[in-house]
Amino acid sequence: MEKEIDEKKQGTSLVLEHKEENTKKLFIESYGCAMNFSDSEIVASILTEQGYNTTQNLEEADLVLVNTCSIRDKAEMTVRKRLEKYNAVKRSINPGMKVGVLGCMAERLKSQFLEEEKIVDMVVGPDAYKDLPNLLKEVEEGRDAINVILSKDETYGDIAPVRLNSNGVNAFVSITRGCDNMCTFCVVPFTRGRERSREPQSIMEEIQDLWNRGFKEVCLLGQNVDSYLWYGGGLKKDFDKATDMQKATATDFAQLLEQCAIAFPKMRFRFSTSNPQDMHEEVLHVIAKYDNVCNYIHLPVQSGSTRILKEMNRQHTREEYMELVDKIKRIIPDCSISQDMITGFPTETEEDHQDTLSLMEYVEYDFGYMFAYSERPGTLAARKMEDDVPEEVKKRRLQEVVDLQQILSEKRTKRFLGQTVEILIEKESKKSDQHWSGRNSENVVAVFPKGDYKVGDFVMVKISDCTTATLIGEAVGYSEMN
(Lines give C-alpha, C1' and ligand atoms only; values in the text may rest on other atoms or scores of the structure.)
Protein backbone atom coordinates (compact mmCIF):
# COMPACT_ATOMS: atom_id res chain seq x y z
CA MET A 1 0.00 0.00 0.00
CA GLU A 2 3.13 2.19 0.06
CA LYS A 3 2.28 3.51 -3.36
CA GLU A 4 0.35 6.24 -5.02
CA ILE A 5 -2.20 4.75 -7.40
CA ASP A 6 -3.33 7.29 -9.99
CA GLU A 7 -6.80 6.09 -11.01
CA LYS A 8 -6.80 8.23 -14.17
CA LYS A 9 -3.73 6.39 -15.50
CA GLN A 10 -4.89 2.82 -14.91
CA GLY A 11 -4.93 0.70 -18.07
CA THR A 12 -3.12 3.27 -20.18
CA SER A 13 -1.74 1.76 -23.39
CA LEU A 14 1.66 3.15 -24.21
CA VAL A 15 2.85 4.79 -27.40
CA LEU A 16 6.32 5.82 -28.48
CA GLU A 17 8.00 7.04 -31.64
CA HIS A 18 8.08 4.48 -34.42
CA LYS A 19 11.32 3.19 -35.86
CA GLU A 20 11.00 2.63 -39.62
CA GLU A 21 13.04 -0.58 -39.52
CA ASN A 22 10.87 -2.20 -36.80
CA THR A 23 8.24 -4.57 -38.18
CA LYS A 24 6.61 -6.15 -35.11
CA LYS A 25 3.85 -4.54 -33.07
CA LEU A 26 3.70 -4.29 -29.26
CA PHE A 27 0.61 -3.42 -27.22
CA ILE A 28 1.51 -2.71 -23.57
CA GLU A 29 -0.86 -1.67 -20.78
CA SER A 30 0.07 -0.66 -17.23
CA TYR A 31 -1.75 -0.88 -13.91
CA GLY A 32 -0.73 0.12 -10.40
CA CYS A 33 1.74 2.69 -9.11
CA ALA A 34 4.25 5.02 -10.71
CA MET A 35 6.91 2.31 -10.33
CA ASN A 36 4.97 0.07 -12.74
CA PHE A 37 4.58 2.84 -15.32
CA SER A 38 8.31 3.55 -15.00
CA ASP A 39 9.07 -0.15 -15.51
CA SER A 40 6.92 -0.19 -18.68
CA GLU A 41 9.22 2.51 -20.10
CA ILE A 42 12.20 0.21 -19.45
CA VAL A 43 10.42 -2.72 -21.13
CA ALA A 44 9.52 -0.56 -24.16
CA SER A 45 13.16 0.50 -24.46
CA ILE A 46 14.34 -3.13 -24.45
CA LEU A 47 11.70 -4.26 -26.99
CA THR A 48 12.37 -1.33 -29.36
CA GLU A 49 15.81 -2.90 -29.83
CA GLN A 50 14.09 -6.24 -30.56
CA GLY A 51 12.19 -4.86 -33.58
CA TYR A 52 8.93 -3.76 -31.90
CA ASN A 53 6.95 -0.56 -32.45
CA THR A 54 4.03 0.19 -30.14
CA THR A 55 0.41 0.15 -31.27
CA GLN A 56 -2.84 1.18 -29.61
CA ASN A 57 -4.74 -1.29 -31.77
CA LEU A 58 -4.93 -4.49 -29.72
CA GLU A 59 -6.18 -6.56 -32.68
CA GLU A 60 -3.01 -6.02 -34.77
CA ALA A 61 -0.45 -6.67 -32.00
CA ASP A 62 2.13 -9.44 -32.30
CA LEU A 63 2.88 -9.16 -28.58
CA VAL A 64 0.50 -8.00 -25.82
CA LEU A 65 1.95 -7.25 -22.38
CA VAL A 66 0.14 -6.16 -19.24
CA ASN A 67 2.19 -4.69 -16.40
CA THR A 68 0.42 -5.70 -13.22
CA CYS A 69 -0.10 -4.68 -9.62
CA SER A 70 -0.81 -6.87 -6.59
CA ILE A 71 -1.49 -4.07 -4.15
CA ARG A 72 -5.26 -4.11 -4.38
CA ASP A 73 -7.88 -6.67 -5.23
CA LYS A 74 -9.50 -4.29 -7.73
CA ALA A 75 -6.31 -4.07 -9.82
CA GLU A 76 -6.01 -7.85 -9.89
CA MET A 77 -9.60 -8.35 -11.02
CA THR A 78 -9.16 -5.70 -13.73
CA VAL A 79 -6.02 -7.43 -15.07
CA ARG A 80 -7.83 -10.79 -15.17
CA LYS A 81 -10.62 -9.19 -17.24
CA ARG A 82 -8.04 -7.71 -19.61
CA LEU A 83 -6.37 -11.11 -20.02
CA GLU A 84 -9.76 -12.58 -20.93
CA LYS A 85 -10.16 -9.80 -23.54
CA TYR A 86 -6.69 -10.44 -25.02
CA ASN A 87 -7.41 -14.15 -25.30
CA ALA A 88 -10.79 -13.52 -26.96
CA VAL A 89 -9.00 -11.42 -29.61
CA LYS A 90 -6.34 -14.11 -29.94
CA ARG A 91 -8.96 -16.81 -30.51
CA SER A 92 -11.18 -14.94 -32.96
CA ILE A 93 -8.97 -12.40 -34.78
CA ASN A 94 -5.24 -12.85 -34.28
CA PRO A 95 -4.17 -16.44 -33.48
CA GLY A 96 -0.46 -15.55 -33.77
CA MET A 97 -0.65 -13.04 -30.92
CA LYS A 98 1.48 -13.75 -27.86
CA VAL A 99 0.33 -12.63 -24.40
CA GLY A 100 2.59 -11.88 -21.45
CA VAL A 101 2.21 -10.73 -17.87
CA LEU A 102 4.83 -8.44 -16.30
CA GLY A 103 5.36 -7.11 -12.81
CA CYS A 104 4.07 -7.85 -9.35
CA MET A 105 1.22 -10.24 -10.18
CA ALA A 106 3.59 -12.22 -12.41
CA GLU A 107 5.70 -13.32 -9.47
CA ARG A 108 2.73 -14.30 -7.31
CA LEU A 109 0.47 -16.00 -9.85
CA LYS A 110 3.03 -17.54 -12.22
CA SER A 111 1.83 -21.14 -11.95
CA GLN A 112 -1.84 -20.18 -12.14
CA PHE A 113 -1.41 -18.09 -15.28
CA LEU A 114 0.89 -20.45 -17.16
CA GLU A 115 0.03 -23.97 -16.05
CA GLU A 116 -3.43 -24.06 -14.47
CA GLU A 117 -5.37 -21.46 -16.43
CA LYS A 118 -3.12 -21.35 -19.52
CA ILE A 119 -4.10 -17.74 -20.23
CA VAL A 120 -0.62 -16.40 -21.02
CA ASP A 121 2.47 -17.44 -22.99
CA MET A 122 5.00 -15.59 -20.89
CA VAL A 123 5.43 -14.47 -17.26
CA VAL A 124 8.15 -11.93 -16.44
CA GLY A 125 8.90 -10.64 -12.93
CA PRO A 126 10.06 -7.09 -12.12
CA ASP A 127 13.78 -7.98 -12.06
CA ALA A 128 13.81 -10.04 -15.28
CA TYR A 129 13.06 -7.52 -18.02
CA LYS A 130 16.57 -7.77 -19.49
CA ASP A 131 15.78 -11.45 -20.14
CA LEU A 132 12.86 -10.51 -22.45
CA PRO A 133 14.76 -11.21 -25.72
CA ASN A 134 15.52 -14.80 -24.54
CA LEU A 135 11.98 -15.32 -23.24
CA LEU A 136 10.50 -14.12 -26.56
CA LYS A 137 12.64 -16.67 -28.45
CA GLU A 138 11.23 -19.42 -26.22
CA VAL A 139 7.67 -18.23 -26.91
CA GLU A 140 8.27 -17.95 -30.67
CA GLU A 141 9.49 -21.54 -30.66
CA GLY A 142 6.21 -22.63 -29.06
CA ARG A 143 7.27 -22.96 -25.43
CA ASP A 144 5.90 -21.14 -22.43
CA ALA A 145 8.49 -18.79 -20.94
CA ILE A 146 8.96 -17.69 -17.35
CA ASN A 147 11.48 -15.70 -15.35
CA VAL A 148 10.41 -14.35 -11.98
CA ILE A 149 13.76 -14.60 -10.22
CA LEU A 150 14.26 -11.65 -7.88
CA SER A 151 17.66 -10.03 -8.13
CA LYS A 152 19.96 -8.70 -5.42
CA ASP A 153 21.52 -6.10 -7.72
CA GLU A 154 19.28 -5.32 -10.73
CA THR A 155 18.41 -1.61 -10.80
CA TYR A 156 18.18 -1.07 -14.62
CA GLY A 157 20.62 1.80 -14.15
CA ASP A 158 22.18 1.06 -17.57
CA ILE A 159 18.90 1.25 -19.53
CA ALA A 160 17.65 4.63 -20.70
CA PRO A 161 13.85 4.39 -20.38
CA VAL A 162 11.74 5.37 -23.37
CA ARG A 163 9.44 8.15 -22.09
CA LEU A 164 5.90 6.94 -22.78
CA ASN A 165 2.82 9.20 -23.03
CA SER A 166 5.02 11.99 -21.74
CA ASN A 167 3.98 15.61 -21.47
CA GLY A 168 7.66 16.51 -21.90
CA VAL A 169 7.63 18.34 -18.55
CA ASN A 170 7.52 15.78 -15.68
CA ALA A 171 9.42 12.49 -15.50
CA PHE A 172 9.99 9.72 -12.97
CA VAL A 173 13.53 8.52 -12.30
CA SER A 174 13.84 5.28 -10.31
CA ILE A 175 16.52 5.35 -7.61
CA THR A 176 15.72 2.23 -5.57
CA ARG A 177 14.02 -1.10 -6.17
CA GLY A 178 12.48 -3.51 -3.68
CA CYS A 179 11.71 -3.00 0.00
CA ASP A 180 13.00 -4.37 3.31
CA ASN A 181 10.06 -3.18 5.43
CA MET A 182 7.92 -6.26 5.94
CA CYS A 183 4.58 -4.53 6.56
CA THR A 184 2.09 -7.33 7.17
CA PHE A 185 -0.43 -6.01 4.60
CA CYS A 186 2.04 -5.50 1.73
CA VAL A 187 3.22 -7.80 -1.07
CA VAL A 188 6.07 -5.60 -2.33
CA PRO A 189 8.99 -7.39 -0.55
CA PHE A 190 7.75 -10.68 -2.07
CA THR A 191 7.07 -9.34 -5.59
CA ARG A 192 9.94 -6.85 -5.95
CA GLY A 193 12.55 -8.35 -3.64
CA ARG A 194 15.01 -6.86 -1.19
CA GLU A 195 15.97 -3.21 -1.22
CA ARG A 196 18.87 -2.03 -3.35
CA SER A 197 19.92 1.36 -4.64
CA ARG A 198 21.01 2.60 -8.01
CA GLU A 199 24.41 4.15 -8.69
CA PRO A 200 24.28 7.97 -8.29
CA GLN A 201 26.22 8.52 -11.53
CA SER A 202 23.59 6.72 -13.63
CA ILE A 203 20.81 8.69 -11.89
CA MET A 204 22.53 12.00 -12.66
CA GLU A 205 23.12 10.96 -16.28
CA GLU A 206 19.44 10.11 -16.71
CA ILE A 207 18.41 13.48 -15.23
CA GLN A 208 20.94 15.26 -17.49
CA ASP A 209 19.38 13.54 -20.51
CA LEU A 210 15.91 14.67 -19.37
CA TRP A 211 17.17 18.24 -18.90
CA ASN A 212 18.74 18.21 -22.38
CA ARG A 213 15.35 17.18 -23.77
CA GLY A 214 13.50 20.01 -22.05
CA PHE A 215 12.01 18.28 -18.99
CA LYS A 216 11.48 20.64 -16.03
CA GLU A 217 10.55 18.38 -13.09
CA VAL A 218 11.80 15.00 -11.89
CA CYS A 219 10.27 12.77 -9.24
CA LEU A 220 12.87 10.47 -7.65
CA LEU A 221 11.05 7.20 -7.30
CA GLY A 222 11.28 4.12 -5.11
CA GLN A 223 9.26 1.93 -2.81
CA ASN A 224 11.14 3.66 0.00
CA VAL A 225 13.31 6.53 -1.24
CA ASP A 226 14.47 7.66 2.20
CA SER A 227 16.50 4.53 2.71
CA TYR A 228 18.46 5.07 -0.54
CA LEU A 229 22.05 4.03 0.16
CA TRP A 230 24.72 3.52 -2.48
CA TYR A 231 28.02 2.07 -1.28
CA GLY A 232 29.23 0.41 -4.46
CA GLY A 233 26.32 -1.97 -5.07
CA GLY A 234 24.55 -4.66 -3.10
CA LEU A 235 21.59 -4.86 -0.78
CA LYS A 236 20.93 -2.20 1.83
CA LYS A 237 20.75 -4.87 4.55
CA ASP A 238 24.38 -5.86 3.77
CA PHE A 239 25.75 -2.34 4.38
CA ASP A 240 27.15 -3.41 7.76
CA LYS A 241 29.47 -5.81 5.86
CA ALA A 242 30.82 -3.01 3.62
CA THR A 243 34.48 -1.97 3.87
CA ASP A 244 35.48 1.15 5.78
CA MET A 245 36.21 2.86 2.46
CA GLN A 246 32.77 1.93 1.09
CA LYS A 247 31.08 3.27 4.21
CA ALA A 248 33.11 6.50 4.12
CA THR A 249 32.21 7.17 0.48
CA ALA A 250 28.58 6.00 0.58
CA THR A 251 25.77 8.25 -0.69
CA ASP A 252 22.51 8.47 1.26
CA PHE A 253 19.21 10.03 0.14
CA ALA A 254 19.84 13.51 1.59
CA GLN A 255 23.18 13.66 -0.26
CA LEU A 256 21.63 12.42 -3.53
CA LEU A 257 18.80 14.95 -3.30
CA GLU A 258 21.28 17.76 -2.64
CA GLN A 259 23.44 16.67 -5.58
CA CYS A 260 20.36 16.85 -7.85
CA ALA A 261 19.34 20.29 -6.54
CA ILE A 262 22.83 21.75 -7.04
CA ALA A 263 23.53 20.16 -10.45
CA PHE A 264 20.16 21.22 -11.94
CA PRO A 265 19.19 24.54 -10.31
CA LYS A 266 16.47 25.29 -12.90
CA MET A 267 14.82 21.87 -12.52
CA ARG A 268 12.27 21.04 -9.85
CA PHE A 269 12.61 17.85 -7.75
CA ARG A 270 10.05 15.74 -5.89
CA PHE A 271 10.36 12.25 -4.38
CA SER A 272 8.08 9.36 -3.49
CA THR A 273 7.47 7.29 -1.42
CA SER A 274 8.77 8.10 2.07
CA ASN A 275 8.67 5.71 5.00
CA PRO A 276 8.34 7.49 8.37
CA GLN A 277 10.94 5.42 10.23
CA ASP A 278 13.54 5.97 7.48
CA MET A 279 13.12 9.73 7.00
CA HIS A 280 16.19 11.53 8.37
CA GLU A 281 16.30 15.15 9.47
CA GLU A 282 19.04 15.88 6.90
CA VAL A 283 16.47 15.38 4.10
CA LEU A 284 14.23 18.03 5.66
CA HIS A 285 17.12 20.51 5.78
CA VAL A 286 17.84 19.87 2.07
CA ILE A 287 14.18 20.59 1.22
CA ALA A 288 14.30 23.78 3.29
CA LYS A 289 17.63 24.92 1.78
CA TYR A 290 16.92 24.53 -1.95
CA ASP A 291 14.04 26.32 -3.69
CA ASN A 292 14.01 23.73 -6.48
CA VAL A 293 13.24 20.86 -4.05
CA CYS A 294 9.47 20.83 -3.59
CA ASN A 295 7.85 21.55 -0.23
CA TYR A 296 5.87 18.34 -0.33
CA ILE A 297 6.28 15.00 1.45
CA HIS A 298 4.12 11.95 0.88
CA LEU A 299 4.30 10.32 4.33
CA PRO A 300 2.17 7.16 4.53
CA VAL A 301 0.97 6.34 8.04
CA GLN A 302 -1.73 3.67 7.37
CA SER A 303 -3.34 4.06 10.83
CA GLY A 304 -3.42 6.52 13.72
CA SER A 305 -3.46 3.74 16.31
CA THR A 306 -0.16 2.53 17.79
CA ARG A 307 -1.72 -0.88 18.44
CA ILE A 308 -2.75 -1.28 14.78
CA LEU A 309 0.62 0.07 13.58
CA LYS A 310 2.25 -2.74 15.57
CA GLU A 311 -0.12 -5.30 13.99
CA MET A 312 0.90 -3.89 10.59
CA ASN A 313 4.60 -4.20 11.54
CA ARG A 314 5.12 -0.50 10.89
CA GLN A 315 8.34 0.44 12.64
CA HIS A 316 6.95 3.56 14.30
CA THR A 317 4.32 4.53 16.85
CA ARG A 318 1.63 7.20 16.60
CA GLU A 319 3.73 9.44 18.87
CA GLU A 320 6.92 8.98 16.82
CA TYR A 321 5.01 9.83 13.65
CA MET A 322 3.61 12.98 15.28
CA GLU A 323 7.12 13.98 16.40
CA LEU A 324 8.33 13.62 12.80
CA VAL A 325 5.43 15.78 11.56
CA ASP A 326 6.30 18.41 14.21
CA LYS A 327 9.89 18.37 12.95
CA ILE A 328 8.76 18.78 9.31
CA LYS A 329 6.57 21.75 10.23
CA ARG A 330 9.36 23.36 12.24
CA ILE A 331 12.03 22.99 9.52
CA ILE A 332 9.73 23.49 6.47
CA PRO A 333 6.80 25.59 7.79
CA ASP A 334 4.88 25.66 4.47
CA CYS A 335 5.34 21.95 3.64
CA SER A 336 2.42 19.94 2.28
CA ILE A 337 2.03 16.43 3.74
CA SER A 338 -0.10 13.68 2.23
CA GLN A 339 -1.06 10.26 3.60
CA ASP A 340 -1.89 6.66 2.78
CA MET A 341 -4.57 5.26 5.10
CA ILE A 342 -6.10 1.79 5.50
CA THR A 343 -9.42 1.38 7.29
CA GLY A 344 -10.66 -1.90 8.71
CA PHE A 345 -7.32 -3.65 9.20
CA PRO A 346 -7.78 -6.92 11.16
CA THR A 347 -8.78 -6.32 14.83
CA GLU A 348 -9.33 -2.56 14.26
CA THR A 349 -11.78 -1.26 16.87
CA GLU A 350 -13.86 1.90 16.93
CA GLU A 351 -11.27 3.37 19.30
CA ASP A 352 -8.47 2.61 16.82
CA HIS A 353 -10.52 4.28 14.08
CA GLN A 354 -11.02 7.38 16.24
CA ASP A 355 -7.22 7.46 16.75
CA THR A 356 -6.86 7.64 12.96
CA LEU A 357 -9.32 10.53 12.68
CA SER A 358 -7.64 12.45 15.51
CA LEU A 359 -4.18 11.93 13.95
CA MET A 360 -5.50 13.31 10.65
CA GLU A 361 -6.75 16.41 12.47
CA TYR A 362 -3.39 16.79 14.23
CA VAL A 363 -1.35 16.57 11.01
CA GLU A 364 -3.85 18.46 8.81
CA TYR A 365 -2.97 16.47 5.68
CA ASP A 366 -3.21 18.28 2.35
CA PHE A 367 -4.55 15.18 0.60
CA GLY A 368 -4.44 11.41 0.84
CA TYR A 369 -4.84 7.96 -0.68
CA MET A 370 -7.41 6.08 1.36
CA PHE A 371 -8.47 2.43 1.10
CA ALA A 372 -10.56 -0.14 2.92
CA TYR A 373 -8.39 -3.13 3.85
CA SER A 374 -8.44 -6.00 1.36
CA GLU A 375 -6.51 -9.17 2.06
CA ARG A 376 -3.58 -9.76 -0.32
CA PRO A 377 -2.58 -13.41 -0.76
CA GLY A 378 1.01 -14.10 0.25
CA THR A 379 1.20 -11.36 2.89
CA LEU A 380 1.71 -12.11 6.59
CA ALA A 381 -1.71 -10.56 7.36
CA ALA A 382 -3.40 -12.99 4.95
CA ARG A 383 -1.53 -15.96 6.43
CA LYS A 384 -1.79 -15.12 10.13
CA MET A 385 -4.67 -12.68 10.69
CA GLU A 386 -8.39 -13.09 10.36
CA ASP A 387 -10.02 -10.42 8.17
CA ASP A 388 -12.53 -9.81 10.95
CA VAL A 389 -13.86 -6.27 10.37
CA PRO A 390 -17.21 -6.50 8.54
CA GLU A 391 -17.24 -4.99 5.03
CA GLU A 392 -19.93 -2.43 5.88
CA VAL A 393 -17.88 -1.25 8.90
CA LYS A 394 -14.75 -0.90 6.75
CA LYS A 395 -16.68 1.13 4.19
CA ARG A 396 -18.30 3.37 6.79
CA ARG A 397 -14.93 4.07 8.43
CA LEU A 398 -13.38 4.72 5.01
CA GLN A 399 -16.13 7.21 4.22
CA GLU A 400 -15.49 9.02 7.51
CA VAL A 401 -11.77 9.21 6.69
CA VAL A 402 -12.53 10.49 3.16
CA ASP A 403 -15.03 13.07 4.46
CA LEU A 404 -12.55 14.39 7.02
CA GLN A 405 -9.79 14.53 4.41
CA GLN A 406 -12.02 16.66 2.17
CA ILE A 407 -12.51 19.17 4.99
CA LEU A 408 -8.75 19.24 5.67
CA SER A 409 -7.91 19.53 1.96
CA GLU A 410 -10.21 22.51 1.55
CA LYS A 411 -8.68 24.24 4.59
CA ARG A 412 -5.14 23.59 3.37
CA THR A 413 -5.91 24.71 -0.20
CA LYS A 414 -7.46 27.97 1.08
CA ARG A 415 -4.16 28.97 2.71
CA PHE A 416 -2.94 30.05 -0.75
CA LEU A 417 -5.78 32.57 -1.29
CA GLY A 418 -4.33 36.01 -1.94
CA GLN A 419 -0.79 34.60 -2.36
CA THR A 420 1.32 34.64 -5.52
CA VAL A 421 2.72 31.15 -6.08
CA GLU A 422 5.12 29.59 -8.56
CA ILE A 423 3.41 27.16 -10.96
CA LEU A 424 5.02 24.81 -13.49
CA ILE A 425 2.67 24.60 -16.49
CA GLU A 426 2.08 20.91 -17.27
CA LYS A 427 -0.91 20.77 -19.63
CA GLU A 428 -4.14 22.35 -20.78
CA SER A 429 -6.89 22.48 -18.17
CA LYS A 430 -9.37 19.59 -18.47
CA LYS A 431 -12.32 21.96 -18.17
CA SER A 432 -11.21 24.76 -20.51
CA ASP A 433 -8.92 24.95 -23.53
CA GLN A 434 -8.37 28.63 -22.64
CA HIS A 435 -6.61 27.75 -19.35
CA TRP A 436 -3.35 26.12 -18.33
CA SER A 437 -3.00 23.62 -15.50
CA GLY A 438 0.07 23.05 -13.34
CA ARG A 439 1.21 22.49 -9.75
CA ASN A 440 2.95 24.56 -7.16
CA SER A 441 5.84 23.38 -5.00
CA GLU A 442 3.34 22.06 -2.43
CA ASN A 443 1.77 19.77 -5.10
CA VAL A 444 -1.53 21.69 -5.36
CA VAL A 445 -3.02 22.06 -8.85
CA ALA A 446 -3.67 25.57 -10.16
CA VAL A 447 -5.53 26.71 -13.29
CA PHE A 448 -5.26 30.14 -14.93
CA PRO A 449 -5.81 31.84 -18.33
CA LYS A 450 -3.20 30.88 -20.92
CA GLY A 451 -1.97 34.32 -21.98
CA ASP A 452 1.32 34.02 -23.89
CA TYR A 453 2.71 31.28 -21.66
CA LYS A 454 3.42 27.71 -22.78
CA VAL A 455 3.75 24.19 -21.36
CA GLY A 456 7.01 23.90 -19.40
CA ASP A 457 7.11 27.53 -18.26
CA PHE A 458 7.51 28.43 -14.58
CA VAL A 459 5.10 31.30 -13.93
CA MET A 460 3.98 33.32 -10.92
CA VAL A 461 0.22 33.07 -10.40
CA LYS A 462 -1.85 35.33 -8.10
CA ILE A 463 -4.46 33.11 -6.43
CA SER A 464 -7.94 34.62 -6.17
CA ASP A 465 -10.21 31.59 -5.67
CA CYS A 466 -10.12 27.85 -5.06
CA THR A 467 -12.13 24.64 -4.91
CA THR A 468 -11.39 21.84 -2.40
CA ALA A 469 -8.27 20.81 -4.30
CA THR A 470 -7.64 23.35 -7.11
CA LEU A 471 -6.31 26.90 -7.05
CA ILE A 472 -7.68 29.50 -9.48
CA GLY A 473 -5.81 32.64 -10.43
CA GLU A 474 -4.06 34.88 -12.98
CA ALA A 475 -0.46 34.70 -14.18
CA VAL A 476 1.52 37.84 -13.34
CA GLY A 477 4.88 36.97 -14.96
CA TYR A 478 7.64 34.37 -15.22
CA SER A 479 9.34 33.05 -12.11
CA GLU A 480 13.10 33.08 -11.50
CA MET A 481 13.15 29.34 -12.31
CA ASN A 482 12.44 30.24 -15.94
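Along the sequence shown, residues carry numbers from 1.
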Taking atom types as modelled, find out whether [X] and [Y] have a side-chain donor-acceptor pair closer than 3.5 angstrom.
{"X": "Thr349", "Y": "Asp352", "answer": "yes"}
{"X": "Tyr296", "Y": "Ser338", "answer": "yes"}
{"X": "Ser227", "Y": "Glu195", "answer": "yes"}
{"X": "Asp326", "Y": "Tyr362", "answer": "yes"}
{"X": "Thr184", "Y": "Asn313", "answer": "no"}
{"X": "Gln255", "Y": "Thr251", "answer": "no"}

message: Is it the case that the side chain of Arg397 and the backbone of His353 share a donor-acceptor pair, with hydrogens and angles ignored and the cut-off at 3.5 Å?
response: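 Here the side-chain-to-backbone pair does not exist.
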- prompt: Do Lys394 and Glu391 pass the salt bridge (charged side-chain N to carboxylate O under 4.0 Å, His left out) test, and can you show the C-alpha distance, the side-chain angles, and the key distance before you say yes or no?
  reply: CA-CA 5 Å; Lys394 284 183 192 174; Glu391 206 59 38; 3.7 Å; yes
field: Parallel, tilted or perpendicular: rings of Tyr321 and Tyr365 (30°, 60°)
entry: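 Geometry flag for Tyr321 against Tyr365: tilted rings.
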- request: With sequence neighbours left out, write down each residue that passes side-chain contact (heavy atoms from CB on, under 4.5 Å) with Gln277, or none if nothing qualifies.
  value: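 For Gln277, the residues satisfying side-chain contact (heavy atoms from CB on, under 4.5 Å) (neighbours in sequence not counted) are Asn181, Asn275, Gln315, His316.
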Answer yes or no: is there an ion pair linking [X] with [Y], defined by an N-O contact shorter than 4.0 Å?
{"X": "Glu410", "Y": "Lys414", "answer": "yes"}
{"X": "Glu29", "Y": "Lys85", "answer": "no"}
{"X": "Glu217", "Y": "Arg439", "answer": "yes"}
{"X": "Lys98", "Y": "Asp62", "answer": "no"}
{"X": "Glu400", "Y": "Arg396", "answer": "yes"}

Who pairs with [X] by side chain to side chain donor-acceptor pair (under 3.5 Å), at least two apart in sequence or on another chain?
{"X": "Asn67", "answer": "Ser40"}
{"X": "Lys241", "answer": "Asp238"}
{"X": "Asp403", "answer": "Gln399"}
{"X": "Lys236", "answer": "none"}

task: Scan residues 379-416 for pairs that pass ring pair (Phe, Tyr, Trp, His ring centres under 6.0 Å), counting only residues two or more places apart or in two chains.
output: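 Output for this query is empty, none listed.
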Distance in Å, Glu41 CD paired with Ile28 CD1, rounded so as to fall on 0.5 Å steps: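 Going from CD on Glu41 over to CD1 on Ile28, the span is 10.0 Å.
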message: Here's a test for you: under side chain to side chain donor-acceptor pair (under 3.5 Å), which of Thr273, Asn443, Asp340 qualifies with His298?
response: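 For His298, the side chain to side chain donor-acceptor pair (under 3.5 Å) test succeeds with only one of Thr273, Asn443, Asp340, which is Asp340.
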- request: Decide if atom CD of Glu319 counts as having more than 12 heavy atoms of other residues, nucleotides or ligands within a radius under 6.0 Å.
  value: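 Atom CD in Glu319 is packed in, count exceeds 12.
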Asn94 side chain near Glu59 side chain, heavy-atom distance below 4.5 Å: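 The answer is no, as the side chains (C-beta and beyond) never meet within the 4.5 Å cut-off.
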message: If you define the side chain from C-beta out and look only at heavy atoms, does anything of Asn167 sit under 4.5 Å from Lys427?
response: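 Asn167 does not reach Lys427 side chain to side chain.
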